[in-house]
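Order of listing sets the numbers, starting from 1, for every ligand and every atom in it. Numbers here simply count residues along the sequence, with the first being 1.
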Amino acid sequence: LGDVYKRQTKTSERRTYMIKIQIPATSANLGAGFDALGLALTYYNYVEMEESDRIEISSSDDINIPTDENNLIYISAKDLFNICGKNLKGLKIRQTNNIPMARGLGSSSACIVAGIVGANMLLGNPLSTDDLVDLAAQIEGHPDNTAPALLGGIVTAVFDGKKVHWVKQEVYTKLKFAAIIPDFELKTEKARACLPSEVSHKDAVYNLSRAALFSASLLTGKFANLRTAVHDKLHQPYRMELIPNAREVFDIAYNHGAYGSYISGAGPTIVAIVDENNKYFSGKMKFSLDNAGLSGWQVHEFHIDNDGTKLIAT
Ligand code: HSE
């Protein structure tokens with residue numbers, strides 16, 4: 001992680017009491033913006049954190065999480081302590097995991113961001129927002145979930161392997177984002193392993209034009225463009241093969257008036273972008289899914305979170 005982050009922190013600034021932070025779910029790629037575009041959703045994990053002499057990790061729900069040094073929040077917090085030249089003996093962590101795991105909604109990024117933001121707060125905020133965005137991407141390997149989880153809004157990001165060059169834009173539109181979540185997991189490693197190592201010049205142009213069209217259309221309200229903008233040739237055609245019934249889910253979403261639908265992150269969740277005035281979208285979607293024998297898919301509507309990760313209690 002390099003020593004560019006090494007900073008002096010004053011022990012007097014360290015917090016020795018419990019903090020509680022809220023971290024949003026994220027939806028990455030947004031169709032054509034593979035590893036480059038992502039947005040934060042109004043769907044949250046919560047993490048309480050306090051310095052301790054030992055590792056004490058628990059969860060406030062039934063979700064099975066590592067409770068030792070293999071816990072991703074702990075690993076990420078320890079990375080931040082190391083970078084700041086501080087010794088971390090242990091941490092007391094309590095997780096509330098609303099974001100489902102391995103579903104393409106940024107659950108691992110939420111852990112990474114929780115770990116580094118929490119640790120940074122405990123140390124009196126030695127690292128800047130830019131430092132945190134860089135560190136989160138270094139841990140995750142790509143920035144399109146970690147950056148919006150930290151910053152909120154829609155984030156355009158280029159990761160050069162060390163630094164993230166990013167722009168966050170707040171979004172205030174009459175849009176909602178319906179996450180259509182199946183009852184099976186798809187691990188990101190598997191969903192990345194199925195991608196080709198090379199693509200044609202034509203396919204590259206196909207994607208970059210659509211990725212640019214996506215954010216420009218979203219931000220200016222030209223929503224009719226979204227259906228074209230979400231198409232891509234870099235990942236979705238390959239990942240469709242790993243998501244049984246994805247084609248039917250896309251068709252149903254478009255039949256009920258979605259502006260655009262795309263595989264969220266590495267999948268298997270599919271996100272439909274829908275007008276706020278399309279009041280009964282989720283109900284109609286669920287009814288049609290059940291009728292098509294796809295009752296394992298659940299539909300949840302969210303909006304864009306413009307705040308990103310924040311402290312909600314000390
Ligand atoms: N951009 C990443 C991918 C997001 O599509 O693999 C999932 O972590």
Side-chain angles (χ1 to χ4, degrees), residues 23-41 43 45 72-73 75-76 97 99-116 133-161 164-168 177 179-182 184-199 203-204 206-208 210-212 214-215 229-243 246 250 260-271 308-309:
I23 317 97
T26 45
S27 182
N29 299 331
L30 311 179
F34 181 75
D35 278 2
L37 294 178
L39 50 82
L41 296 169
Y43 188 24
N45 276 1
L72 188 52
I73 299 176
I75 291 172
S76 307
N97 308 287
I99 308 168
M101 294 184 191
R103 296 299 207 291
L105 290 167
S107 64
S108 53
S109 287
C111 290
I112 292 168
V113 167
I116 64 173
V133 172
D134 293 347
L135 176 58
Q138 288 166 7
I139 297 172
E140 176 81 326
H142 41 85
D144 46 332
N145 286 111
T146 50
L150 258 158
L151 304 164
I154 180 170
V155 178
T156 307
V158 171
F159 183 39
D160 65 16
V164 180
H165 307 268
W166 57 269
V167 172
K168 166 200 170 176
F177 290 73
I180 310 160
I181 309 173
F184 55 87
E185 297 187 343
L186 176 55
K187 297 257 189 257
T188 300
E189 305 80 66
K190 186 175 171 191
R192 288 180 85 85
C194 75
L195 305 180
S197 51
E198 290 183 8
V199 296
D203 286 356
Y206 186 99
N207 263 66
L208 67 87
R210 282 165 178 76
F214 185 95
S215 33
V230 290
H231 287 156
D232 98 292
K233 300 220 175 185
L234 299 188
H235 72 109
Q236 294 183 104
Y238 307 95
R239 289 172 166 173
M240 291 290 266
E241 307 298 320
L242 304 176
I243 308 172
F250 273 89
S261 300
Y262 62 88
I263 296 175
S264 183
T269 291
I270 291 167
V271 163
T309 294

*Do the non-hydrogen side-chain atoms of Arg192 and Arg239 ever get within less than 4.5 Å of each other?*
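Yes - at least one pair of side-chain heavy atoms lies under 4.5 Å apart.
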*Closest protein heavy atom (residue, atom, distance) for atom 3 (C) of ligand 1*: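 Of every protein heavy atom, Arg192 NH1, 3.1 Å lies nearest to atom 3 (C) of ligand 1.
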*asked:* Looking only at protein heavy atoms, which one is nearest to atom 8 (O) of ligand 1, and what is the separation?
replied: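 Result for atom 8 (O) of ligand 1: His142 CE1, 2.9 Å.
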*At under 4.0 Å between heavy atoms, which part of His235 makes contact with ligand 1: side chain, backbone, both or neither?*
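Within the 4.0 Å criterion, His235 makes no contact with ligand 1.
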*Select one of side chain, backbone, both or neither to describe which atoms of Gln236 lie under 4.0 Å from any atom of ligand 1, heavy atoms only.*
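For Gln236, no heavy atom sits under 4.0 Å from ligand 1.
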Please check if the side chain of [X] supplies one atom and the backbone of [Y] the other of a donor-acceptor pair under 3.5 Å.
{"X": "Asn29", "Y": "Asp35", "result": "yes"}
{"X": "Lys168", "Y": "Leu151", "result": "yes"}
{"X": "Ser264", "Y": "Gly104", "result": "yes"}
{"X": "Asp144", "Y": "Ala28", "result": "no"}
{"X": "His231", "Y": "Asn207", "result": "no"}

*For ligand 1, is there an N or O atom under 3.5 Å from any N or O atom of Asn29?*
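Asn29 vs ligand 1: N/O contact under 3.5 Å present.
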*asked:* Looking at Phe214, I'd like to know if the NZ or CZ of Arg210 sits under 6.0 Å from its six-membered ring centre while staying within 45 degrees of the ring's axis.
replied: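 No, Arg210 does not sit over the ring of Phe214.
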Quick check on contacts: which atoms of ligand 1 are under 4.0 angstrom from a heavy atom of [X]?
{"X": "Phe34", "result": "3 (C), 5 (O), 6 (O)"}
{"X": "Asp144", "result": "1 (N), 2 (C), 4 (C)"}
{"X": "Asp35", "result": "1 (N), 2 (C), 3 (C)"}
{"X": "Asn145", "result": "4 (C), 7 (C), 8 (O)"}

